[in-house]
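Mind having a look at this structure? Questions to follow.
Every chain is numbered from 1, with letters handed out A, B, ... down the list of sequences.
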Amino acid sequence: MEFIGGKLLQVVIALAIFAAIIGILMLVVDRAPKSVKDKVTVAGFLAPAGILMLVGLVYPAVRTSMLAFTDASGQGNGFDNFVWMFTQPEALTTLRNTIIWTILVPLLSTSFGLAYAVFIDKARGERVLKSLVFMPMAISFVGAGIIWKLVYDYRGPGIEQTGVINFIRDAMGMNPKQFLLDAPENTIFLIIVMVWIQTGFAMVILSAAIKGVPVELIEAARLDGANAWQQFRNVTVPGIRGALVVVLTTITIATLKVFDIVRTMTAGNYDTSVVANEMYTQAFRAGEPGRGAALALILFLMVLPIVVYNARVLRKQREIH
Amino acid sequence: MKKSKYLLPVAAAGVLALTMSACSGNSGGGGSTASNDCSAYDTYGKHDGKTVSVYSTIVDVEATNLEESWAQFEKCTGITVKYEGSKEFETQIGVRAQSGTAPDVAIFPQPGLLATQAKAGYLKPAPKAVSDLVDKNWSPDWKKYGTVDGTFYAAPMLANVKGYVWYSPKTFKDKGWTVPKTWDEMMDLTKKIADDKTMKPWCAGFESGEATGWPGTDWIEDVVLRAEGPEVYDKWITHQIPFNDPKIVNSFNKVGDILLNPNYVNGGFGDPRSILSTAFAQAGQPVLDGQCAMHHQASFQAANWPAGTNVAEDGDVWAFMTPPVDASKGTAITGGGESVAAYKDTPEVQAYLAFMASADFANNRVKLGGAISANKGLDPNNAQSALDKQSIKLLQDPKTVFRFDGSDLMPSAVGSNSFWKGIVAWINGSSAQQVTDSIESSWPKG
């Protein structure tokens with residue numbers, strides 16, 4: 001109790017200090033002479049955000065980039081870390097897995113989400129059906145990893161199965177399977193978890209976009225004699241193009257950074273490691289911060305084009321509207 | 001608008017006052033059980049009003065017990081011990097030493113970390129009084145873990161013992177099995193149990209989240225020490241022989257005779273590969289259910305049994321030490337422990353160090369339960385459980401060869417990464433040669 005009280009007091013104090021700083025800032029800005037007031041106001045209010053960004057974003061980014069060219073003892077070692085990344089079989093597996101993840105997860109979750117959104121559109125009980133698929137979104141990646149680990153759980157033949165899938169296999173007279181241990185299909189079993197989570201997200205966004213497609217267009221297509229597939233292809237999909245891009249890119253970025261699922265389910269063992277997981281392992285467990293930083297840098301370079309593309313598409317859309 | 005101009009500075013001043021008042025410190029240790037008899041503490045002198053700050057990995061109940069065990073020392077010497085335990089110790093101690101805010105005393109859980117700090121020049125060599133106490137109370141093996149480049153820095157504190165084989169005394173009695181005295185006897189027993197076909201001889205589980213594989217490193221370390229002897233073990237952990245040396249590959253194969261044989265493992269869970277998907281804390285369960293006969297795990301397994309399990313020589317479960325390969329060479333055991341090192345050498349710090357190296361501390365702490373020490377001045381009867389008593393006797397036996405957990409002494413790139421991963425790959429089907437080659441290639445250069 002004493003502990004909670006102490007923490008609460010700290011929170012209150014922190015908030016009060018924050019309020020005081022803002023207050024003093026406002027006071028100073030307010031007192032500035034009229035002639036330069038606008039500039040002082042702008043600088044005054046941008047400064048805290050700017051400083052925080054420098055300290056919290058720019059500085060670490062620069063440090064990480066520099067760290068990527070050093071070895072475990074902090075000495076510069078040129079491109080050794082990158083050579084390691086593209087030559088060691090283990091590190092190559094990591095890169096390969098990340099690519100498999102980034103191709104499959106966005107593709108599968110978006111297609112499932114889109115199909116589901118189209119099929120339940122204006123169906124009876126749409127809201128209930130939607131929330132069923134959306135619910136996994138509310139679970140953290142770690143939570144989902146633990147749930148699915150139990151689903152995939154294994155006991156030997158003849159022993160009572162605890163995992164759901166192996167229980168079903170057993171009931172059907174099949175031998176139980178070590179889902180997480182057999183490479184390369186275990187990566188697919190991990191990917192299923194991410195798809196399970198992200199389908200709900202894709203479905204909700206796409207369903208909203210579908211509702212935004214003008215009814216007149218669909219009616220016109222129907223009058224022209226288009227069948228359901230043609231309506232979907234030529235009217236619905238072009239109508240929700242922006243939403244599709246946002247969904248695809250958002251899921252791609254989330255997938256590139258995937259860490260929790262792999263960490264909780266296999267910890268990167270059995271050839272299932274991905275870049276973010278390996279980055280953590282190298283930097284914090286193996287005591288090789290240079291290699292970790294190099295992996296972080298590669299991850300950043302992989303995410304960058306998608307973010308740029310996403311931003312450009314969004315800007316174009318704004319120009320149209 | 002006008003009003004607010006004066007309101008804000010006043011508010012700011014108020015906040016400042018609040019902050020200041022919140023910074024008052026908390027009081028030191030317990031002292032509830034401290035009695036008035038101080039005669040045993042005369043040797044440490046009087047240091048009224050002095051404080052010693054202590055930093056370690058030990059938290060929660062363990063921390064309370066630790067503080068309790070030096071409460072009387074505080075009372076009699078007038079020293080206030082300001083204790084701080086943190087799970088971030090391993091990374092934070094380096095940061096604090098570098099930034100000049102090191103504690104007076106640090107309790108290191110790994111000799112490797114101690115060596116790093118000593119080599120960086122932060123630690124003070126132990127005073128002669130402490131060195132003499134360690135010579136008197138511990139075996140030379142233990143003194144070595146506190147010695148870096150020939151200088152003695154840290155006295156050992158508490159210890160734990162690895163390499164126990166847990167079994168059910170009742171099952172053994174019913175079946176007429178006897179506790180094996182040598183490795184060969186253990187393998188004979190294993191074969192006998194397997195042929196009997198009522199249960200698998202062994203059960204094992206290496207799953208431990210991101211640390212999956214570590215229970216396997218304990219197996220390998222035990223066998224390297226028992227089969228190849230302490231000299232090879234020392235060379236192996238310091239990389240004087242390569243990780244893929246034939247002797248080490250041989251030890252892997254010796255363990256593999258048990259762990260990779262589908263007839264021998266994994267009682268209650270499935271084939272040998274199920275070792276990887278079985279959590280280490282649950283892996284011993286089938287011993288109680290009569291689905292397996294033996295389970296290899298450290299002394300702390302005592303806490304993993306379900307509540308109400310009677311851990312005793314004639315109880316539900318009991319443990320024997322993994323037997324030696326050559327019985328004439330005596331017992332060899334692996335284990336772990338903490339060392340107490342100082343960043344300052346003031347008189348009060350020296351008094352504290354001397355107390356921590358004394359038998360008084362060991363007895364005080366062990367009486368509170370859940371801990372043992374290799375201090376020879378420790379009375380085994382002070383231990384709170386039968387297993388602790390047995391462990392203390394083993395540690396104090398002059399014929400016992402003790403070696404620190406090898407993976408804790410290797411560089412972290414190996415000891416807490418590639419060695420674990422290697423064990424996982426090995427159980428999952430890679431050969432011992434492949435695995436040791438890959439671990440060897442991960443050993444940091446230079």
(request) With a 4.5 angstrom heavy-atom cut-off, could you sort out which part of N428(B) is near chain A: side chain, backbone, both or neither? (result)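 The side chain, not the backbone.
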
(message) Please classify the contact of E207(B) with chain A as side chain, backbone, both or neither, using a heavy-atom distance under 4.5 Å.
(response)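 Contact with chain A is through the side chain of E207(B) alone.
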
(message) Need one label for Y280(A): side chain, backbone, both or neither, based on atoms under 4.5 Å from any heavy atom in chain B.
(response)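 For Y280(A), the side chain is the part near chain B, not the backbone.
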
(request) Would you confirm whether the ring centroid of F419(B) sits within less than 6.0 angstrom of the ring centroid of F243(B)? (result)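 Ring centres of F419(B) and F243(B) closer than 6.0 Å.
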
(request) Give a yes or no on whether the backbone of A413(B) and the side-chain of E288(A) come within a donor-acceptor separation of less than 3.5 Å. (result)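 No; judged by distance alone, with no hydrogens or angles, the pair does not exist.
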
(message) Below 4.5 Å, heavy-atom pairs only: which of E160(A), M265(A), Q282(A), K149(A) has the largest tally toward chain B?
(response)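 Ranked by heavy-atom pairs under 4.5 Å with chain B, first place is K149(A).
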
(request) List in chain and number order the residues that pass salt bridge (Lys or Arg N to Asp or Glu O under 4.0 Å) with R155(A), two or more places apart in sequence or in another chain; answer none if no residue qualifies. (result)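 For R155(A), no residue satisfies salt bridge (Lys or Arg N to Asp or Glu O under 4.0 Å) once neighbours in sequence are set aside.
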
(request) Go through the atoms of L181(A) and report whether side chain, backbone, both or neither lie under 4.5 Å from a heavy atom of chain B. (result)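 For L181(A), heavy atoms of backbone and side chain both lie under 4.5 Å from chain B.
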
(request) Measure from the ring center of F79(A) to the ring center of F69(A) and say whether it is less than 6.0 Å. (result)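 Ring-ring flag for F79(A)/F69(A): true, centres closer than 6.0 Å.
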
(request) Could you tell me whether the side chain of N166(A) and the main chain of K177(A) form a donor-acceptor pair under 3.5 Å? (result)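 Yes, because the side chain of N166(A) sits within donor-acceptor range (under 3.5 Å) of the backbone of K177(A).
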
(message) Between E90(A) and chain B, with a heavy-atom cut-off of 4.5 Å, which part of the residue counts as in contact: side chain, backbone, both or neither?
(response)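 Contact with chain B is through the side chain of E90(A) alone.
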
